[in-house]
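One structure is given here, and the rest of the page talks about it.
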Amino acid sequence: MSDYNPSRDDFAALLDESLHGRDMLEGQVVHGLVVGLEKDFVIVDVGLKTEGRVSLKEFGSDAANLKTGDTVEVYLERVENAMGEAVISREKARREEAWTRLEAIFNRGEPVMGTIVGRVKGGFTVDMDGASGFLPGSQVDIRPVRDIAPLMGKEQPFAILKMDRPRGNIVVSRRAILEEARAEQRTELVGQLAEGEIRDGVVKNITDYGAFVDLGGIDGLLHVTDMSWKRVSHPSQVLNVGDSVRVQIIKINPDTQRISLGMKQLQSDPWDGVESKYPVGGKFTGRITNITDYGAFVELESGVEGLVHVSEMSWTKKNVHPGKIVSTSQEVEVVVLEVDASKRRVSLGLKQAQNNPWDDFLSKHPIGSVIEGEVKNATEFGLFVGFENDIDGMVHLSDLDWNVAGEEAIAKYKKGDVVKTKVLDVDVEKERISLGIKQLGGDPMSGDTFRKGQTVTVTVTEVTSGGIEVKFGEEDAPVSAFIRKSDLSRDRNEQRVERFAVGDRVDAQITNVDKAARKVSVSIKALEMADEKQAIEQYGSQDSGASLGDILGAALRGTSKE
């Protein structure tokens with residue numbers, strides 16, 4: 001018998017050490033010894049004189065090969081339960097092993113093998129040899145997958161996107177693996193291509209801006225502008241999905257690995273020698289292909305289009321939308337105005353292929369000729385008169401009447417009136433026609449039509465308190481004047497306006513002519529005094545003994561005899 005007899009304190013210390021060791025093992029994976037096999041359970045000794053039971057199902061496919069004496073790893077949740085047994089789990093042990101392994105794989109950035117085993121909200125569940133991960137629906141494939149069935153239960157690689165051990169969350173992606181594989185394949189394929197190379201491909205997809213062509217594992221973009229030299233509104237006008245096409249590799253971007261393709265580059269450029277084919281001033285026939293707010297495009301030949309600006313579409317239709325002048329697919333004659341081969345631009349004129357209506361007007365109605373037209377509009381500065389071919393001429397205020405003020409003269413006319421005018425000037429370049437109405441009757445102030453001292457017969461047009469308004473001269477170009485009250489008679493008793501009425505005709509003498517001011521002054525008094533002077537000179541004077549009455553009587557008798 002041993003002499004060692006531990007005291008109570010020593011025993012307590014040993015017990016604490018033993019219990020502390022047990023506490024340290026809780027929550028960890030430990031090695032256990034299979035000490036027994038029951039119908040549904042495996043008895044495992046985890047040491048520290050403690051055994052636990054694990055459901056046979058937790059060993060999965062390994063359950064059939066288990067036997068007493070085998071060493072297995074189990075997760076020790078608690079050293080003893082109410083029955084004095086250890087609470088252990090093979091499944092949690094496998095999960096802990098898997099987490100440790102997956103963390104190492106995640107840190108190295110490597111893929112992990114897993115199997116899609118079920119569907120959950122927003123995605124799928126992936127089993128990774130004991131650890132469960134979440135596969136979002138967007139991470140299943142590069143493109144949306146309608147049927148997931150072929151991928152279920154199939155072991156395949158996944159990329160670990162996120163790991164949160166405290167929460168037990170693992171997020172994986174199958175798409176990342178596919179993209180990486182595709183990127184590697186794309187890099188390899190791009191390395192086999194060269195700019196300028198001609199390849200055969202198949203149209204995979206068509207968009208508004210072009211078509212994607214499969215060159216054998218790698219896609220290239222065939223932009224709509226590189227499909228044909230002619231204008232293409234939409235790629236579907238040229239290609240269909242599934243078409244086999246021959247294309248040229250225009251550009252390869254080494255950074256993005258994007259490939260630009262072209263079809264028109266395999267054809268001759270119709271713009272080569274365009275300046276000699278379409279010289280400036282030449283007249284050609286083309287077809288309207290497109291109409292915009294600013295003009296219309298005309299196809300001269302396949303691949304060569306020119307623009308007819310809205311300002312070059314019509315001689316007379318201004319501020320009108322091009323669609324009201326021409327229509328799509330219409331054949332038109334155009335004149336080449338400008339060619340810029342470097343910018344691939346041709347400026348065309350539609351109106352230049354037609355006769356200039358201002359040239360035609362001038363040839364038919366030379367300056368000085370008289371023409372009749374309809375008043376289109378009366379403005380504050382004149383009348384617009386319309387003629388054939390939708391062209392207008394203008395009668396300025398100053399050319400309406402020789403004697404009446406412009407504002408007063410224009411009030412005589414209204415829209416729709418037919419008037420005769422005289423062509424004063426035609427400016428073909430500025431597209432202006434100057435007309436005159438007053439010039440039809442001639443200028444009454446020109447030449448010696450009216451002279452100072454001349455006797456004229458005037459017609460009273462208005463009687464006022466200060467005198468009378470009169471007119472005289474030609475009927476189509478009369479001259480107006482005002483005779484003051486003091487000039488109505490030599491006799492002061494006869495200087496009364498009541499003696500006259502509108503329409504009366506009386507003789508008067510012109511006392512002044514101001515051509516610059518276009519003003520003629522007349523006086524009845526001056527005429528009477530002139531007649532008196534002439535009578536005295538002819539029939540005697542008071543100095544010879546004859547009375548004024550005698551002299552005037554003799555003058556009157558002489559006038560009667562004449």
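Given the structure is predicted, the values throughout are model-derived calculations rather than measurements. What's counted below: heavy atoms across the whole structure, side chains too, no hydrogens, waters or symmetry copies.
Note that CD1 of Ile218 and CG of Leu193 are 6.0 Å apart. Values are rounded to the nearest 0.5 Å. For the atom pair CG (Leu362) and CG (Asp425), the distance works out to 9.0 Å, reported to the nearest 0.5 Å. With values rounded to the nearest 0.5 angstrom, Leu350 atom CG is found 8.0 Å from Ser314 atom OG. Atoms CG and CE, on Asp147 and Met152 in that order, are 10.5 Å from each other to the nearest 0.5 Å. Here CG of Leu261 is found 7.0 Å from CG of Leu221. Values are rounded to the nearest 0.5 Å. Here the straight-line distance linking atom CD of Glu197 with atom CD1 of Ile259 works out to 10.0 Å at 0.5 Å rounding.
Results of the side chain to side chain contact (heavy atoms under 4.5 Å, CB included) test with Leu222 over Met227, Gln248, Lys264 single out Met227 as the only residue that passes.
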- Go through Leu300 and Leu348 one step at a time and tell me if the side-chain contact (heavy atoms from CB on, under 4.5 Å) criterion holds. CA-CA 10 Å; Leu300 298 174; Leu348 303 172; 4.2 Å; yes
- Could you go through the side-chain contact (heavy atoms from CB on, under 4.5 Å) check for Arg287 and Ser329 one step at a time? CA-CA 6 Å; Arg287 183 176 60 86; Ser329 299; 4.1 Å; yes
- Kindly determine whether Glu331 and Thr285 satisfy side-chain contact (heavy atoms from CB on, under 4.5 Å), including the steps that lead there. CA-CA 7 Å; Glu331 284 200 353; Thr285 300; 4.1 Å; yes
- What do the steps show when you test Asn240 against Val203 for side-chain contact (heavy atoms from CB on, under 4.5 Å), and what is the final call? CA-CA 7 Å; Asn240 295 307; Val203 178; over 6 Å; no
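Counting heavy atoms from C-beta outward, Glu388 and Asp360 have side chains that stay 4.5 Å or more apart. Side-chain contact check for Ile291 versus His321: some heavy-atom pair is nearer than 4.5 Å. Taking the side chain as every heavy atom from C-beta outward, Asn389 and Thr316 never approach each other to under 4.5 Å. By the 4.5 Å heavy-atom criterion applied to side chains, Met394 and Arg432 are not counted as neighbours. With a 4.5 Å cut-off on side-chain heavy atoms, His223 and Ile250 do not count as touching. Counting heavy atoms from C-beta outward, Asn169 and Phe134 have side chains that stay 4.5 Å or more apart. The shortest distance between side-chain heavy atoms of Tyr278 and Glu301 falls below 4.5 Å. The side-chain heavy atoms of Leu215 and Val247, taken from C-beta on, include a pair separated by under 4.5 Å.
Nearest heavy-atom pair across Val232 and Ser228 is CG2-CB, 4.0 Å. In plain terms, the two heavy atoms of Arg231 and Asn290 that are nearest each other are NH1-ND2, 4.0 Å. Here the closest heavy-atom approach between residue Leu102 and residue Ala131 is recorded as CD1-CB, 3.6 Å. Minimum interatomic distance between Ser173 and Leu161 (heavy atoms only, all atoms of both residues): CB-CD1, 3.6 Å. Between Pro322 and Thr292, the closest heavy-atom pair is CG-O, 3.3 Å. Nearest heavy-atom pair across Val336 and Pro279 is CB-O, 3.4 Å.
Open room surrounds NZ on Lys230; 12 or fewer heavy atoms of other groups in view lie less than 6.0 Å from it. Around NZ of Lys430, the count of heavy atoms belonging to other residues, nucleotides or ligands within 6.0 Å does not exceed 12. Around the CZ atom of Arg108, the shell of radius 6.0 Å holds more than 12 heavy atoms that belong to other residues, nucleotides or ligands.
Formation of a donor-acceptor pair under 3.5 Å by the Trp271 side chain with backbone atoms of Lys343 is not found in this model. At least one donor-acceptor pair closer than 3.5 Å links the side chain of Gln330 to the backbone N or O of Ser327. Between the side chain of Asn356 and the backbone N or O of Trp358, at least one donor-acceptor pair lies under 3.5 Å. Between the side chain of Gln139 and the backbone N or O of Pro136, no donor-acceptor pair lies under 3.5 Å. Formation of a donor-acceptor pair under 3.5 Å by the Glu179 side chain with backbone atoms of Ile142 is not found in this model. A donor-acceptor pair under 3.5 Å links the side-chain atoms of Lys277 to the main chain of Pro270, judged by distance alone.
Using the six-membered ring where Trp is involved, Phe387 and Phe361 have ring planes that are tilted, between 30° and 60° apart.
Listed by first and then second residue, the side-chain hydrogen bond (donor to acceptor under 3.5 Å, both in side chains) pairs that reach into residues 205-218 are Asp208-His234, sequence neighbours excluded. Applying the side-chain hydrogen bond (donor to acceptor under 3.5 Å, both in side chains) test to every pair with at least one member in residues 148-159, sequence neighbours left out, gives these pairs: Gln156-Arg174.
A salt bridge between Arg246 and Asp200 is present, with a side-chain N of the basic residue lying under 4.0 Å from a carboxylate O of the acidic one.
With sequence neighbours left out, Asp226 forms a side-chain hydrogen bond (donor to acceptor under 3.5 Å, both in side chains) with Gln265.
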